[in-house]
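Read the structure below first, then the notes.
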Amino acid sequence: MSQHGYVYLCYHKVEAAFAIQLATDLLNADIQVWMDVLDIEEGDEWYLSVETAKQNCSAFLPIMSPDYVTSSYGQDELAFAERTGKLVFPVLLRPVNAADWPAQVGYRQYVDFDNWQDPQTYAGHLERLVAVLKQSGVVKYQPDARLEPRYFRSLTAMIEVHKTFR
């Protein structure tokens, strides 16, 4: 299994604002994350970029919601993670019916981001997720004390959210 030390962030487009925020905050916490809207450049072939990122990631970070788990793309991503032996770190954004809960995720403990719009609640969940990812040993943790990359990532995320929802 080729491992490049980053997590592949999986989400349904209805959760794009949360996904972009989470990816940015993980990057700012020095966790390496790959996300389509932040990592695919103009002119790149989307499908090839996604497939390459899935193949080369160390772990999957699916944002669990009814929309994601019932989508064919979400099911395909989780099946790919299981088939290739990739670790899965589920993030629960919205409750999922037990009947729809993916077998590939099984009984893995998830980080529950319910009420993520509350800044204090979000910060607590983010801290827990960062700790879990760092402790896993499969994700590159590269501390960067410079403020410029963090500011740039945050600005890029705000632009992507604006582009997505205008």
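Predicted, not measured: the structure shown is a model, and the values here were computed from it.
For the atom pair OG of Ser49 and CG of Asp36, the computed distance is 9.5 Å after rounding to the nearest 0.5 Å. In this structure, His125 NE2 and Leu22 CG are separated by 11.5 Å, a value rounded to the nearest 0.5 Å. With values rounded to the nearest 0.5 angstrom, Leu27 atom CG is found 10.0 Å from Met35 atom CE. For the atom pair CD of Gln32 and SG of Cys57, the computed distance is 13.0 Å after rounding to the nearest 0.5 Å. We find the CG-CG distance between Leu126 and Asn28 to be 9.5 Å, quoted to the nearest 0.5 Å. Taken to the nearest 0.5 Å, the CG atom of Leu9 stands 10.0 Å off from the CG atom of Asp39.
With sequence neighbours left out, Arg94 forms a salt bridge (charged side-chain N to carboxylate O under 4.0 Å, His left out) with Glu15, Asp67. Every residue two or more places apart in sequence or in another chain that forms a side chain to side chain donor-acceptor pair (under 3.5 Å) with Tyr122 is listed here: Asp25. Partners of Asp118 according to the side chain to side chain donor-acceptor pair (under 3.5 Å) rule, which considers only residues two or more places apart in sequence or in another chain, are Thr121. With sequence neighbours excluded, the residues that form a salt bridge (charged side-chain N to carboxylate O under 4.0 Å, His left out) with Glu51 are Lys54. Looking at residues two or more places apart in sequence or on another chain, you find a ring pair (Phe, Tyr, Trp, His ring centres under 6.0 Å) between Tyr8 and Trp34, Phe60. For Glu45, the side-chain contact (heavy atoms from CB on, under 4.5 Å) test picks out Tyr47, Leu48, with sequence neighbours left out. The ring pair (Phe, Tyr, Trp, His ring centres under 6.0 Å) check on His12 picks up nothing, with sequence neighbours excluded. Residues satisfying the side-chain contact (heavy atoms from CB on, under 4.5 Å) criterion with Thr70, sequence neighbours excluded, are Asp100. With sequence neighbours left out, Ala79 forms a side-chain contact (heavy atoms from CB on, under 4.5 Å) with Arg83, Gln104. Judged as a side-chain contact (heavy atoms from CB on, under 4.5 Å), and not counting sequence neighbours, the contacts of Asp112 are Leu92, Tyr110, Asp114.
Contact between Ser58 and Gly5 at its shortest, heavy atoms only, is OG-N, 2.8 Å. Closest non-hydrogen pair, Pro66 versus Val96, comes out as N-CG2, 3.9 Å.
Judged by distance alone, the side chain of Ser71 and the main-chain N or O of Tyr68 form a donor-acceptor pair under 3.5 Å. With Asp44 contributing its side chain and Ile40 its backbone, the two residues share no donor-acceptor pair below 3.5 Å.
The environment of CD in Gln117 is crowded: more than 12 heavy-atom neighbours from other residues, nucleotides or ligands sit within 6.0 Å.
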Could you go through the side-chain contact (heavy atoms from CB on, under 4.5 Å) check for Leu61 and Val33 one step at a time?
-> CA-CA 9 Å; Leu61 185 69; Val33 177; 5.6 Å; no
Could you give me the CA-CA distance, side-chain angles and deciding distance for Met64 and Val105, then say whether side-chain contact (heavy atoms from CB on, under 4.5 Å) is met?
-> CA-CA 10 Å; Met64 308 296 284; Val105 174; 3.8 Å; yes
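Within the 4.5 Å cutoff, no side-chain heavy atoms of Ile31 are placed close to those of Tyr6.
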